[in-house]
Amino acid sequence: TRSTRSTRSALVRQVFSQLPSDPKLLTQILKSLGERRAREDVIFFVEVVQSHEWSLTAPQNTLLISACQRSRLWQQALDLFHTMPQRNVTP
């Protein structure tokens, strides 16, 4: 349900709040998202990035776009690509 999803999202956001401070771990997680085609997890990561909670490097951004593509989240992939300048990510 929607309330379960928002509770889960809040908990996940809290747990993952330290990820950006460990770029290698974040990169590994982004790689695994694409490999696993974890649609809900990919959506979560896209939401976090788009809300400007995290800044991604260009390679990390590419991994997230790839994860979107593999999860058939075409619009999210395009949105990530088109918002790169606003997020200070150089393609």
Enquirer: Going by the rule side-chain hydrogen bond (donor to acceptor under 3.5 Å, both in side chains), which residues pair with Thr83 if we only count those two or more places apart in sequence or in a different chain?
Expert: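 For Thr83 the side-chain hydrogen bond (donor to acceptor under 3.5 Å, both in side chains) partners, ignoring immediate neighbours, are Arg87.
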Enquirer: Please walk me through it: do Asn61 and Phe81 pass side chain to side chain contact (heavy atoms under 4.5 Å, CB included)?
Expert: CA-CA 8 Å; Asn61 196 72; Phe81 178 76; 5.9 Å; no
Enquirer: With Leu56, which of Val48, Thr62, Leu30, Asn88 fulfils side chain to side chain contact (heavy atoms under 4.5 Å, CB included)?
Expert: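 Among Val48, Thr62, Leu30, Asn88, the one that satisfies the side chain to side chain contact (heavy atoms under 4.5 Å, CB included) with Leu56 is Leu30.
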Enquirer: Using atom types as modelled, flag every donor-acceptor pair under 3.5 Å from a side chain in residues 63-80 to any protein atom, sequence neighbours excluded.
Expert:
from, atom 1, to, atom 2, distance (Å)
Ser71, OG, Ala67, O, 3.1
Gln75, NE2, Asp79, OD1, 2.9

Enquirer: Determine the sole option in Glu35, Arg36, Lys31 for which the side chain to side chain contact (heavy atoms under 4.5 Å, CB included) test with Leu33 is passed.
Expert: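 Between Leu33 and the candidates, side chain to side chain contact (heavy atoms under 4.5 Å, CB included) is satisfied uniquely by Arg36.
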Enquirer: Would you say the side-chain atoms of Glu47 pair up with the backbone N or O of Phe44, donor to acceptor, closer than 3.5 Å?
Expert: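 Looks like no, no N/O pair under 3.5 Å.
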